[in-house]
Number of protein chains: 2
Amino acid sequence: MPLDLIDSTPAPASPGPGQPGRPGRRRDHSRDPEILDAAIEVLAEEGYDGMTMEMVAARAKAGKATLYRRWPSKGELVVDAVACMKSRDLDVDNLPDTGTLRGDLVAMIKPRTLEEADRKMQVMAGLMSVLSRSPELVDAINSAIVAPRAEVNRRLLERAIARGEISAEVDIATIALVAPSMTAYRLLVTQRPVDREYLLSIIDGVVLPAVGLSAPRA
Amino acid sequence: MPLDLIDSTPAPASPGPGQPGRPGRRRDHSRDPEILDAAIEVLAEEGYDGMTMEMVAARAKAGKATLYRRWPSKGELVVDAVACMKSRDLDVDNLPDTGTLRGDLVAMIKPRTLEEADRKMQVMAGLMSVLSRSPELVDAINSAIVAPRAEVNRRLLERAIARGEISAEVDIATIALVAPSMTAYRLLVTQRPVDREYLLSIIDGVVLPAVGLSAPRA
DNA sequence: GGTATCCGAAACTGACGAGTTCCGTATATA
DNA sequence: TATATACGGAACTCGTCAGTTTCGGATACC
């Protein structure tokens with residue numbers, strides 16, 4: 001394995017879109033998203049080492065040369081693809097408010113969301129063994145996958161405190177990690193499905209009791 | 001990637017230690033443990049795809065040919081190595097009893113245990129991207145790494161119920177997964193250390209509140 | 001001591017994949 | 001319509017690694 005995910009050279013004074021020396025310099029970046037999406041798909045299915053540039057090119061109906069015209073290496077393509085994976089999902093500043101913490105948490109369980117989380121975790125799994133050698137990949141994954149999940153829960157918990165539903169003494173930071181951690185573990189480690197039932201057992205069996213609430217008609 | 005981790009042929013009617021046709025058939029399996037240990041080490045450091053048979057052989061001070069004399073393929077060596085990784089650690093039927101759930105949980109935090117869990121998680125990470133293609137690897141990992149961790153917590157929780165310290169209504173199965181899930185997430189996904197402090201925040205911030213107990217002088 | 005067997009080391013084979021080069025074509029500008 | 005550019009596709013180089021073969025040396029058994 002050529003384990004330098006990223007070439008250490010700090011970018012050759014980026015030429016930019018309009019190059020001086022020549023008049024007609026047009027670079028068509030319109031197909032970049034297709035390529036990045038293809039990379040994510042292959043990554044989720046095959047993992048970093050299993051993914052080949054040929055697979056990505058084929059999936060994006062592009063030539064391998066085109067990939068190398070845009071990204072200097074497989075590693076950089078992957079980092080870019082992960083960084084561009086930020087979800088079309090719910091945004092953190094505009095979460096629906098059901099009036100109760102349990103309602104808010106349960107409202108997060110939607111097929112669309114589950115499916116997207118699933119995909120992200122597959123990508124995660126495929127990159128796992130490479131993470132320890134690539135700080136930039138760790139960063140990309142953190143801001144695209146890891147951070148958003150905990151942030152949502154943190155907001156919901158803060159709101160519950162604000163409305164007086166739960167005590168301000170609870171360890172929000174840690175509790176916000178419970179669901180993300182347990183779903184990731186379920187999916188990655190034990191290889192079992194994260195379905196509505198499992199999520200409800202986390203909410204009603206762990207999170208709510210931990211903040212001093214109880215599930216409805218237990 | 002040659003993604004047939006295991007050759008599908010079901011073992012050719014295992015010759016066994018004493019072969020009939022020939023008189024002097026001796027197979028020295030005394031160095032198998034060294035080789036398996038070496039495999040685990042390399043696996044933890046490089047991941048499945050990064051691990052080469054040459055690395056394992058060198059680490060075990062053995063010849064590559066010797067490896068292939070004992071295991072038919074890299075995949076089978078890895079499955080075997082993982083299966084033989086069951087810890088020298090505390091056994092599940094003989095857990096120290098401190099008299100309180102918190103005491104029991106905190107007593108599990110020992111450098112020795114942390115370190116071993118760490119190693120296991122590194123191996124886990126290295127195998128992650130391969131898991132989806134190898135059911136036998138999933139099984140091996142489950143019984144060597146995953147199951148024991150939750151089992152310990154389940155026992156401690158049952159004991160707490162038995163002594164009347166916590167209610168029998170709590171969702172033991174799910175709560176027993178909290179610590180394993182959160183430590184795995186911390187280590188694998190967020191790449192931060194699982195130290196005493198983090199473990200205490202799980203115990204005092206999530207587990208104890210979830211079962212209706214509270215941390216000492218919060 | 002003779003013999004059979006297993007050992008570690010090293011050379012070898014074959015496949016595969018990253019990255020490069022080349023070529024015929026499509027397209028946008030002029 | 002002429003020209004330049006980037007395109008997809010295919011052929012190429014080159015390193016690496018799984019798995020095999022070969023060999024000289026050590027060791028247990030007779």
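From a predicted model like this one, the values you see are computed outputs, not experimental measurements. We name chains A, B, ... by the order of the sequence lines, and we start the count at 1 in each one.
For the pair M53(A) CE and dC12(D) P, the interatomic distance rounds to 21 Å; values are reported in whole Å. We find that CG of L67(B) is positioned 12 Å from P of dA9(C), with the value rounded to whole Å. Atom pair E46(B):CD and dT16(D):C1' shows a separation of 14 Å (rounding to whole Å applied). Per the geometry, CZ belonging to R59(A) stands 18 Å off C1' belonging to dG8(D), to the nearest Å. One interatomic measurement links the two molecules: OH of Y68(B) to C1' of dA10(C), which rounds to 15 Å at whole-angstrom precision. D49(A) has its CG atom 16 Å from the P atom of dC16(C), to the nearest Å. Following rounding to the nearest Å, K61(A) (NZ) and dT25(C) (P) show an atom-to-atom distance of 22 Å. Whole-Å rounding puts the E76(B) CD to dG19(D) C1' distance at 14 Å.
Where E54(A) and T66(A) meet DNA chain D, the nucleotide closest to each residue was compared, and T66(A) sits on the side nearer the 5' end.
Residue R31(B) places at least one side-chain N or O under 4.0 Å from the OP1 or OP2 atom of dG8(C). Here R69(A) does not reach the OP1 or OP2 of dG19(C): none of its side-chain N or O atoms lies under 4.0 Å away.
Side-chain contact of S181(A) with R186(B): a donor-acceptor pair under 3.5 Å is absent, judged by distance alone.
The base of dG8(C) has none of its N or O atoms less than 3.5 Å from a complementary donor or acceptor on the side chain of K64(B).
A salt bridge links D93(A) to R155(A): at least one charged side-chain nitrogen sits closer than 4.0 Å to a carboxylate oxygen. Under 4.0 Å is where a charged nitrogen must lie from a carboxylate oxygen, and between E158(B) and R154(B) no such pair does. We find that E46(A) and R133(B) are joined by a salt bridge, their nearest charged nitrogen and carboxylate oxygen being less than 4.0 Å apart.
Ranking dA10(D), dA18(C), dC17(D) by closeness to the T52(B) side chain, first place goes to dC17(D). In the set dG9(D), dA9(C), dG19(D), dG19(D) carries the atom at the smallest distance from any side-chain atom of K74(B).
As judged by a 4.0 angstrom heavy-atom cut-off over every strand, A57(A) is placed among residues making no nucleic acid contact.
Atom CD of E34(A) has more than 12 neighbouring heavy atoms from other residues, nucleotides or ligands inside a 6.0 Å radius.
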